[in-house]
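Working notes for the structure below.
Chain letters run A, B, ... following the sequence lines, proteins first, then strands; residues in each count from 1.
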There are 2 protein chains.
Amino acid sequence: MAPRDYGQYCGVTRAVELVGERWALLIVRDLLVGPRRYGELAAGLPRIPSNILAARLKELQAEGVLRRVPRSRVVVYELTPFGRELEPVVLALGAWGAKAMGVPREGQIITPDSMTVSLRTAFRPQVAAELPATAYAARVGPAELRIRVDGPALDVTREDGPVDLAFATGPGILRLLSGELAPGRAIATGVVEVLRGPRDLLDRFADTFHLAA
Amino acid sequence: MAPRDYGQYCGVTRAVELVGERWALLIVRDLLVGPRRYGELAAGLPRIPSNILAARLKELQAEGVLRRVPRSRVVVYELTPFGRELEPVVLALGAWGAKAMGVPREGQIITPDSMTVSLRTAFRPQVAAELPATAYAARVGPAELRIRVDGPALDVTREDGPVDLAFATGPGILRLLSGELAPGRAIATGVVEVLRGPRDLLDRFADTFHLAA
DNA sequence: CCGCATCCCATGTGATACTG
DNA sequence: CAGTATCACATGGGATGCGG
């Protein structure tokens with residue numbers, strides 16, 4: 001009997017045996033955004049010890065959750081189809097955990113990949129479908145994201161391009177998404193700084209992305 | 001900074017900080033079925049050391065996931081509203097993990113609460129709505145469950161009462177739910193033993209409860 | 001520099017025993 | 001029955017090293 005075996009024949013149990021170890025679901029979270037190199041994963045999880053990252057990648061690979069893909073000179077890790085089916089799990093966890101985030105603590109960061117997943121969690125396709133297509137450039141700390149909403153479709157990338165609204169913000173952005181902070185107050189209090197574009201587009205942004213309380 | 005702090009301001013991260021410890025989500029799983037006493041939780045998680053169970057209950061209580069409720073002479077633990085909102089997470093995990101359960105290993109058990117959650121995961125309300133109301137009595141190992149399906153509603157209890165079909169089975173029942181085993185073959189191979197009632201009701205059962213592959 | 005492997009220590013976990 | 005105490009051990013964290 002393996003140390004991680006809970007001794008039950010049950011789906012939940014099996015799932016936590018596979019991805020219940022520390023850091024595992026955060027690695028999955030980042031890989032849901034796209035294939036990543038070892039160093040990119042390490043950068044997105046600044047506090048993970050390198051031996052743990054290496055160990056998790058091996059375990060998740062052995063379990064069929066992700067794949068190690070040698071790609072012209074470099075190696076990338078990507079989710080298998082089985083691993084990609086964790087998306088509902090990760091989004092559900094994110095939606096639940098968002099309710100308990102409180103205010104950002106000292107030293108807490110937002111990474112591009114975690115922000116991308118948060119946006120996917122908060123995205124309301126049925127609301128977006130009623131609104132005109134819009135592109136946003138969001139600078140969250142050191143990360144720059146381009147968010148394109150077109151009907152019920154969402155695309156978040158790290159490349160830049162033309163946008164309707166550009167704004168800079170920090171961890172407080174998630175308080176805007178939770179509805180705790182109104183767009184107007186977010187601008188007034190400096191939580192969000194509009195760089196380019198009409199500031200009332202931030203209302204549209206807040207309508208489009210909303211973490212239910 | 002707490003040892004369990006991942007240092008990120010992100011919903012997924014917060015969630016695994018709260019319920020990512022070993023055993024925590026299994027405790028939540030059982031409490032999703034109903035309030036439980038300490039001894040009942042211990043019985044449903046046979047391999048959990050008592051000190052770990054005690055520690056988890058304290059942590060989850062401090063986090064607002066569950067509550068310790070003194071009830072006439074005894075103490076029960078029950079989920080808070082916040083904790084109950086973990087149901088989508090647990091069901092999503094169960095649905096995902098079910099795909100990787102394989103065949104039951106030596107010593108793996110099914111508890112009444114884990115089976116109840118598995119049934120909730122597998123329940124297809126839209127299919128059930130088209131079928132006549134049906135009550136099943138399922139004996140899974142030592143556990144006896146009464147499963148009542150009425151339109152799109154599901155009720156699983158441990159009390160007995162009149163049923164249309166009574167059957168006895170073991171861990172292999174989940175292979176029936178996954179569609180890996182057809183109802184006819186489940187009976188023929190002895191995975192399911194029909195005790196009372198028309199055996200073709202097992203087809204209806206398999207239609208009503210299905211874990212997608 | 002990237003992709004890890006090694007070392008050492010702190011912490012968490014597990015088994016068992018024990019107590020109100 | 002509902003936990004607490006104790007101790008051995010496994011795992012995680014952080015620093016460092018090292019080969020390609």
Subject >> Arg37(B), nearest nucleotide to its side chain (from dG14(D), dG3(C), dA2(D)) >> reply: dA2(D)
Subject >> Below 4.0 Å: OP1/OP2 of dC4(C) and any side-chain N or O of Tyr77(A) >> reply: yes
Subject >> Within 45° cone of Tyr6(B) ring axis and under 6.0 Å: Arg22(A) NZ or CZ >> reply: yes
Original post:
Can you tell me how far CZ of Arg29(B) sits from CG of Leu45(B), rounded to the nearest 0.5 angstrom?
Top reply: 6.0 Å
Original post:
Ile48(B) has an atom CD1; how far is it from atom P of dT4(D), in whole Å?
Top reply: 14 Å
**OP:** Report the nucleotide, chosen from dT13(C), dG12(D), dG3(C), that has the shortest atom-to-atom distance to any side-chain atom of Tyr38(A).
**Re:** dG3(C)
**OP:** Tell me which nucleotide among dG3(D), dG12(D), dC4(C) gets nearest to the side chain of Glu21(A).
**Re:** dG12(D)
**OP:** Starting at atom CG of Leu53(A), determine the distance to atom P of dG3(C), rounded to an integer number of angstrom.
**Re:** 10 Å
Original post:
Quick one: which of dT6(C), dG12(D), dA5(C) gets closest to the side chain of Arg56(A)?
Top reply: dG12(D)
Original post:
With respect to the phosphate group of dT13(C), does any side-chain polar atom (N or O) of Trp23(B) fall under 4.0 Å of OP1 or OP2?
Top reply: no
Original post:
Between Glu40(A) and Pro49(B), which has a closest nucleotide on DNA chain C that is more 5'?
Top reply: Glu40(A)
**OP:** Compare the minimum distances between each of dG3(D), dG13(D), dC4(C) and the side chain of Arg22(A), then state the nucleotide with the smallest one.
**Re:** dG13(D)
**OP:** State whether the distance check finds a donor on one side and an acceptor on the other, under 3.5 Å, for side chain Asn51(B) versus base dG3(D).
**Re:** no
Original post:
Can you check whether Arg73(A) has a side-chain N or O nearer than 4.0 Å to OP1 or OP2 of dG3(C)?
Top reply: no
**OP:** Report the distance from atom CD1 of Ile27(B) to atom P of dG3(D), rounded to the nearest whole Å.
**Re:** 12 Å
Original post:
Mind checking whether Phe205(B) and Tyr136(B) have parallel, tilted or perpendicular rings, split at 30° and 60°?
Top reply: perpendicular
**OP:** Identify whether the distance between the nearest side-chain nitrogen and carboxylate oxygen of Asp160(A) and Arg146(A) falls below 4.0 Å.
**Re:** no
Subject >> Distance in angstrom units between Arg36(A) CZ and dC4(C) C1', rounded >> reply: 20 Å
Original post:
Which whole-number value in Å describes the distance from Leu57(B) CG to dC1(D) P?
Top reply: 17 Å
Subject >> Smallest separation among heavy atoms of Met101(A) and Tyr9(B), with atom names >> reply: O-CE1, 3.8 Å
**OP:** Round to a whole Å and report the spacing from CG of Leu41(B) to P of dA2(D).
**Re:** 10 Å
Subject >> Nearest-angstrom distance from the residue atom CG of Asp5(B) to P of dG12(C) >> reply: 13 Å
**OP:** Tell me, with the steps shown, if Thr134(B) and Leu165(B) meet side-chain contact (heavy atoms from CB on, under 4.5 Å).
**Re:** CA-CA 8 Å; Thr134(B) 315; Leu165(B) 175 73; 5.8 Å; no
Original post:
Counting only distance, no hydrogens or angles, is the base of dA2(D) paired donor-acceptor with the side chain of Ser50(B) under 3.5 Å?
Top reply: no
Original post:
Can you check the Arg47(B) CZ to dT13(C) C1' distance for me, whole Å?
Top reply: 15 Å
Subject >> dG3(C) OP1/OP2 closer than 4.0 Å to side-chain N/O of Lys58(A) >> reply: no
Original post:
Between dG13(D), dG14(C), dC4(C), which nucleotide has the shortest distance from any of its atoms to the side chain of Ile52(B)?
Top reply: dG14(C)
